[in-house]
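The structure appears below as structure tokens.
Letters go in sequence order (proteins before strands), and every chain restarts at 1.
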Amino acid sequence: MLQKTNRLCKKKEIDSVFGRGKSVKEGNLTLKAAKNQLDSVRFCFVVSKRVSKTAVGRNLIKRRMREISKAALPYLKPGYDLIFIVAPGFGKLDYRGIAEIMEKTFLRAGLMTAGKI
RNA sequence: CAAGCAGGUUAGGCAAUCGCUCCUCAUAGAUUUUGGUUUAUGGGGGGAGGAAAGUCCGAACACCCUCCCGGGGCGAAAGCCAAGGGAUAAAAAAGUAGAGGGUAAUACCCUUCGUCCGCAAGGAUCGAGGUGCGAACAGAGACGCUCUGAGGCGAAAGCCGAAGAGAUCCCGAACCGCAAGGUUUGGGAUAGAUUCAUAGAAAUAUGGAUUGUGAAACGGCUAAAUCCUUACUGGGCGCAAGAGCAACCCGCCCAAAUUUUUGUUCUUAACGUAACUUUAGGAACAAAAAUUUGGGCGGGAAAAAGUAGCUCGCUUGAGCCCCGCGAGUAAUUGCGGGGCCAGACAAAUGAUUGCCUCGUUCCGCAUUUUUGCGGAACCAGACAGAAUUCGGCUUAUUACCUGCUUGGUUU
RNA sequence: UGCGGGAUCGUCUAACGGUAGGACGCAUCCCUCUGGAGGAUGUUAUCUAGGUUCGAAUCCUAGUCCCGCAG
């Protein structure tokens, strides 16, 4: 689990990222990124009910993405709010598959310099 | 061995690295609510289920409505107000239904009677009293026509019902019309085809039987799943209930500042005077009003808008599990002992690995079959994640165990 | 989390427990030199599974899917 300083929780802030953020799409994953006034990177994960019918399946995807984000945190540029939106078809992937897609997404968005997670 | 019926248990373990949340202790820091609050680090401890699910029921708890009791207060009295407690009686609405029991309570559970289903083990969302719908086809005939109603039966709902009126059908008469038909009027019928017995002079009444049709046939069937009554149960609304604080708004009070007005005192200038007076300006004090700021107290009814700010409720309760001794056929329950109990708030309980068993699939050998042994692969694999809390029900699902029934085969 | 509503032809909708109707579509034909308009004929449906009933779109139970409300 991420620390509280790396979580994006408030509805207002999420709405503002949706409004002014730039989006990058890689496969089934969409990333919305926007600058914030802080030194840290904050994450938010959106997994709709269409991805997985059960709460267990959705929580598993979110937990794995949080772990990958935690591992990637030292390599990322600070000062951004990030929202990951998961599209259907994501539930079949395991940990390594998700990590691969997220790494590609970070590189395409220009948030990461070294390609190591 | 096969098919089936009933009941029960289980829902992996150990370890490594990196993390999250709650409680507690220590250290360091911040801060005038200072044995408080809060931040960081470290030590210790706790951290999903049998269904956490569906939300189909029931309760606890909270608020509201109705009603009852009511400490106390006011009043000459009648009576009025009212903290608080409650659901005996009433209203309304919703539900329940063989009998008896269990429970906080239920549409749940247990025992038992009857009925139905099943060869059986067993099973059923069957069960108060009454009334009532029953198309089409088939059939002679399909719930039996409507209203008033003397009288009778019944605890009630309601039922039976002499007689009369209307309606429909059949038979007939008169009139109108070329005819189809129409109007008026008389009689009969409106539960019954055939047959038997009894009573009777008879009409008829009562009781029984029958072919065929059909789901159902003058005697029943069917209401939790379209009604009424009786008996029983106060009702509604759900923790996004509800409460407090802050903030905001309104009112009052206090303090300070500024402005304006008035009054008093002092002073400057001007007209005039012996002098007071008068006019204009300044300073000080007092009073009033307005505005702003700060503090305190009280309130926020209705409507509209904004903000999902903080805290409590919030997790130990009708608790759950095990053992022993009792009550009871049982569900359940009394006493004693021991053990266990998550509390987040965009929402923790995890991620990546290693090993061990439990399993699953495949292959080979032995065996009549079941099965056993060996090897390989997958390697805890299914359903599934607390959100106010419990008790049921239902649905989803892994691996197994026990008892019983029927049938087959072998001895 | 709690509470509530719904599912009927391709679409929008009706229907006391008793033959599932209508509109717009679609197909064919007529009309016209052709198309449109108009006319005629036809096509296609009760979310799923049990139950109550002689009989279920309707009533009951369970499930699936969709939608709404809360301060």
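- As the counterpart of B:rA255, B:rU293 is assigned, both hydrogen-bonding distances of the Watson-Crick or G-U wobble pattern falling under 3.5 Å.
- Checking B:rA387 for Watson-Crick or G-U wobble geometry (two distances, each under 3.5 Å) identifies no partner in any strand.
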- Determine which bases of RNA chain C form Watson-Crick or G-U wobble pairs with both distances under 3.5 Å, and write the result as a 5' to 3' dot-bracket string with | for other-strand partners. (((((((..((((....[..)))).(((((.......)))))....(((((..]....)))))))))))).
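- Rounded to the nearest Å, the gap between the P atom of B:rA346 and that of B:rU39 is 16 Å.
- Here the separation of B:rG385 from B:rU307, taken at their P atoms, is 34 Å to the nearest Å.
- A glycosidic torsion no more than 90° from 0 defines the syn conformation; B:rA191 lies beyond that range and is anti.
- If you check B:rU394 for Watson-Crick or wobble pairing at under 3.5 angstrom, you find it paired to B:rA53.
- Using C1' as the reference atom, B:rA11 and B:rG19 are 27 Å apart when rounded to the nearest Å.
- Under the Watson-Crick or G-U wobble criterion, with both distances below 3.5 Å, B:rG372 is paired with B:rC365.
- Using C1' as the reference atom, B:rA396 and B:rG50 are 11 Å apart when rounded to the nearest Å.
- With both ends at atom P, the span from B:rU210 to B:rA217 equals 13 Å, rounded to whole Å.
- The gap from the P atom of B:rC320 to that of B:rA105 amounts to 15 Å, rounded to the nearest Å.
- In B:rG187 the base sits anti relative to the sugar, since the glycosidic angle is further than 90° from 0.
- Nucleotide B:rA280 forms a pair with B:rU268, judged by Watson-Crick or G-U wobble geometry with both contacts under 3.5 Å.
- Figure legend. B:rG186 is base-paired to B:rC171; pairs are counted as Watson-Crick or G-U wobble with both atom distances under 3.5 Å.
- Of the nucleotides present, B:rA26 is the one that pairs with B:rU41 by Watson-Crick or G-U wobble criteria, both distances under 3.5 Å.
- Base orientation at B:rU315 is syn, since its O4'-C1' glycosidic dihedral falls within 90° of 0.
- Between B:rG79 and B:rG71, the two P atoms lie 16 Å apart (nearest whole Å).
- For B:rA180, there is no paired base (Watson-Crick or G-U wobble, both distances below 3.5 Å).
- Nucleotides B:rC169 and B:rA162 have their P atoms positioned 25 Å apart, rounded to a whole Å.
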